[in-house]
Chemist: 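One structure coming up, written as structure tokens, with questions to follow.
Each chain gets a letter, A, B and so on, in the order the sequences are listed, and its residues count up from 1.
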Amino acid sequence: MPRKRALKKLPRSFYNRDALHVAPDLIGKILVHRFDDRELRARIVETEAYVGPHDLACHASKGRTGRTEVMFGRAGHAYVYLIYGMYKMLNIVTADVDDAQAVLIRAAEPLGGWQADLSGPGKLCRDMHITRGQNGLDLTADELFLLDNPDDHPKITRTKRIGIDYAKEWTHALLRFFDADSPAVSKPRQPA
DNA sequence: GCGTCGATGGCA
DNA sequence: GCCATCGACGCG
């Protein structure tokens, strides 16, 4: 057996690429949230790519506003927003400054003996204590960050994105990615 | 197991 | 007036 090695934080260069490539590469990576002398870890199993202002499902398609400002900023920062008045969504800003792309973290598996149902973007934020106060956080710092997981090689399935039926021709783009073997993926699992 | 519905608040 | 959601309900 190979000796256990300390996992490394994902560097800025990992995030500074197209969301189309970052989204599948995030499957199997480890999300870490440190707060109040606690540390919660989870293995990411489901993501969605929002590929820029031309993508009608991407919030950046509405232009640069107070809400979408961080998406137009540097890669490797958190974009957290409120939806339906009660759920937070955690996204990761990718690509170059002014190229507004992001990856939505949709589901994960709790790690380290901690029990939680993280099978959906709202549940993930609720149970990992992610709030709008974390909007704009630098993910290469020490509060909220991701670790590489080089020995993890998930089998990845692609489907259309969830809950964006208003997005016309972008509705059917295969921009949702998940670990085909994980029980923590949200529904539906079928490539509808 | 399914489909449908309502909660709830920030934003444009 | 819209949501990148979730959980409760009714069905049969």
Chemist: Tell me whether A:Arg74 contacts the main-chain N or O of A:Val97 through its side chain, where contact means a donor paired with an acceptor under 3.5 Å.
Modeler: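 Checked: no pair found.
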
Chemist: My understanding is that only residues two or more places apart in sequence, or in another chain, count here; which of them pass side-chain hydrogen bond (donor to acceptor under 3.5 Å, both in side chains) with A:Asp55?
Modeler: A:Arg161

Chemist: Checking side-chain contact (heavy atoms from CB on, under 4.5 Å) between A:Leu26 and each of A:Val45, A:Leu31, A:Thr47, which is the one that passes?
Modeler: A:Thr47

Chemist: Between side-chain atoms of residues 134-150 of chain A and protein atoms elsewhere (two or more places apart, or another chain), which donor-acceptor pairs fall under 3.5 Å?
Modeler:
| from | atom 1 | to | atom 2 | distance (Å) |
| --- | --- | --- | --- | --- |
| A:Gln134 | OE1 | A:Thr131 | N | 3.0 |
| A:Gln134 | NE2 | A:His33 | NE2 | 3.3 |
| A:Gln134 | NE2 | A:Glu143 | OE2 | 3.0 |
| A:Asn135 | OD1 | A:Val80 | N | 3.0 |
| A:Asp138 | OD1 | A:Arg12 | NH1 | 3.2 |
| A:Asp138 | OD1 | A:Arg12 | NH2 | 3.4 |
| A:Asp138 | OD1 | A:Thr140 | N | 2.9 |
| A:Asp138 | OD1 | A:Thr140 | OG1 | 2.8 |
| A:Asp138 | OD2 | A:Arg12 | NH2 | 3.1 |
| A:Asp138 | OD2 | A:Thr140 | OG1 | 3.3 |
| A:Thr140 | OG1 | A:Arg12 | NH2 | 3.2 |
| A:Asp142 | OD1 | A:Lys9 | NZ | 2.6 |
| A:Asn149 | ND2 | A:Gly28 | O | 2.9 |
| A:Asn149 | ND2 | A:Asp152 | OD2 | 3.3 |

Chemist: Between B:dG10 and C:dG7, how far apart are the C1' atoms? Round to whole Å, please.
Modeler: 22 Å

Chemist: Are the side chains of A:Tyr50 and A:Ile164 in contact, using a 4.5 Å heavy-atom criterion?
Modeler: yes

Chemist: Taking all non-hydrogen atoms of both residues into account, name the closest pair between A:Ala102 and A:Met71 and its distance.
Modeler: CB-CE, 3.6 Å

Chemist: What residues form a side chain to side chain contact (heavy atoms under 4.5 Å, CB included) with A:Lys155, not counting sequence neighbours?
Modeler: A:Ala180, A:Asp181

Chemist: For DNA chain B, which residues of residues 83-97 of chain A approach it to below 4.0 angstrom with any heavy atom?
Modeler: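 Hits under 4.0 Å, by residue number: A:Tyr84, A:Gly85, A:Met86.
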
Chemist: Go through residues 61-77 of chain A and report each residue with a non-hydrogen atom lying under 4.0 Å from DNA chain B, sorted by number.
Modeler: A:Thr65, A:Gly66, A:Arg67

Chemist: Got A:Thr68 and A:Lys62 here, is their nearest side-chain heavy-atom distance under 4.5 Å?
Modeler: no

Chemist: Could you tell me if A:His77 and A:Tyr15 have a donor-acceptor pair between their side chains, going purely by distance under 3.5 Å?
Modeler: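 No pair is found: no donor N or O on one side chain lies under 3.5 Å from an acceptor on the other.
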
Chemist: Mind checking which stems touch DNA chain B? I mean at least 3 consecutive Watson-Crick or G-U pairs, both distances under 3.5 Å.
Modeler: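 The stems are B:1-7 with C:5-11, B:9-11 with C:1-3.
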
Chemist: Grouping I, L, V, M, F, W and Y whenever their side-chain heavy atoms are under 4.5 Å apart, do A:Met128 and A:Ile44 come out in a common cluster?
Modeler: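 Yes, because A:Met128 and A:Ile44 connect within a single hydrophobic cluster, where side-chain heavy atoms sit under 4.5 Å apart.
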
Chemist: Reading DNA chain C 5' to 3', which nucleotide is the first, and which the last, to come under 4.0 Å of any heavy atom in chain A?
Modeler: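 For DNA chain C, the relevant span reads C:dC3 to C:dG7.
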
Chemist: Which ones in residues 116-137 of chain A lie close to DNA chain C, meaning a heavy atom under 4.0 Å from one of its atoms?
Modeler: A:Gly120, A:Pro121, A:Gly122, A:Lys123, A:Arg126

Chemist: Considering only NZ, NE, NH1 and NH2 on the basic side and carboxylate oxygens on the acidic side, decide whether A:Arg64 and A:Asp98 come within less than 4.0 Å.
Modeler: yes

Chemist: Are A:Ile27 and A:Val51 joined in one hydrophobic group, where the rule is that I, L, V, M, F, W and Y side chains link up if heavy atoms are under 4.5 Å apart?
Modeler: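 A:Ile27 clusters together with A:Val51.
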
Chemist: Identify all side-chain donor-acceptor contacts of residues 103-118 of chain A below 3.5 Å with residues at least two apart in sequence or on another chain.
Modeler:
| from | atom 1 | to | atom 2 | distance (Å) |
| --- | --- | --- | --- | --- |
| A:Arg106 | NE | A:Glu46 | OE2 | 2.7 |
| A:Arg106 | NH2 | A:Ser186 | OG | 3.3 |
| A:Glu109 | OE1 | A:Arg43 | NH1 | 3.2 |
| A:Glu109 | OE2 | A:Ser182 | OG | 2.6 |
| A:Asp117 | OD1 | A:Ser119 | N | 3.0 |
| A:Asp117 | OD1 | A:Ser119 | OG | 2.5 |
| A:Asp117 | OD2 | A:Lys123 | NZ | 3.1 |

Chemist: Output all residues satisfying side chain to side chain contact (heavy atoms under 4.5 Å, CB included) with A:His153, sequence neighbours left out; order by chain, then residue number.
Modeler: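 With neighbours one apart ignored, the set is empty.
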
Chemist: May I ask you to check whether A:Phe35 and A:His129 place their ring centres under 6.0 Å from each other?
Modeler: yes

Chemist: Could you check which residues of residues 177-187 of chain A get a heavy atom under 4.0 Å from DNA chain C? Sort them by number, please.
Modeler: none

Chemist: Taking NZ, NE, NH1 and NH2 as the nitrogens, is one of them in A:Arg67 or A:Glu69 under 4.0 Å from a carboxylate oxygen of the other?
Modeler: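 No, this pair does not count.
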
Chemist: Return a table of donor-acceptor pairs under 3.5 angstrom between the side chains of residues 81-88 of chain A and protein atoms on other chains or two or more places apart.
Modeler:
none

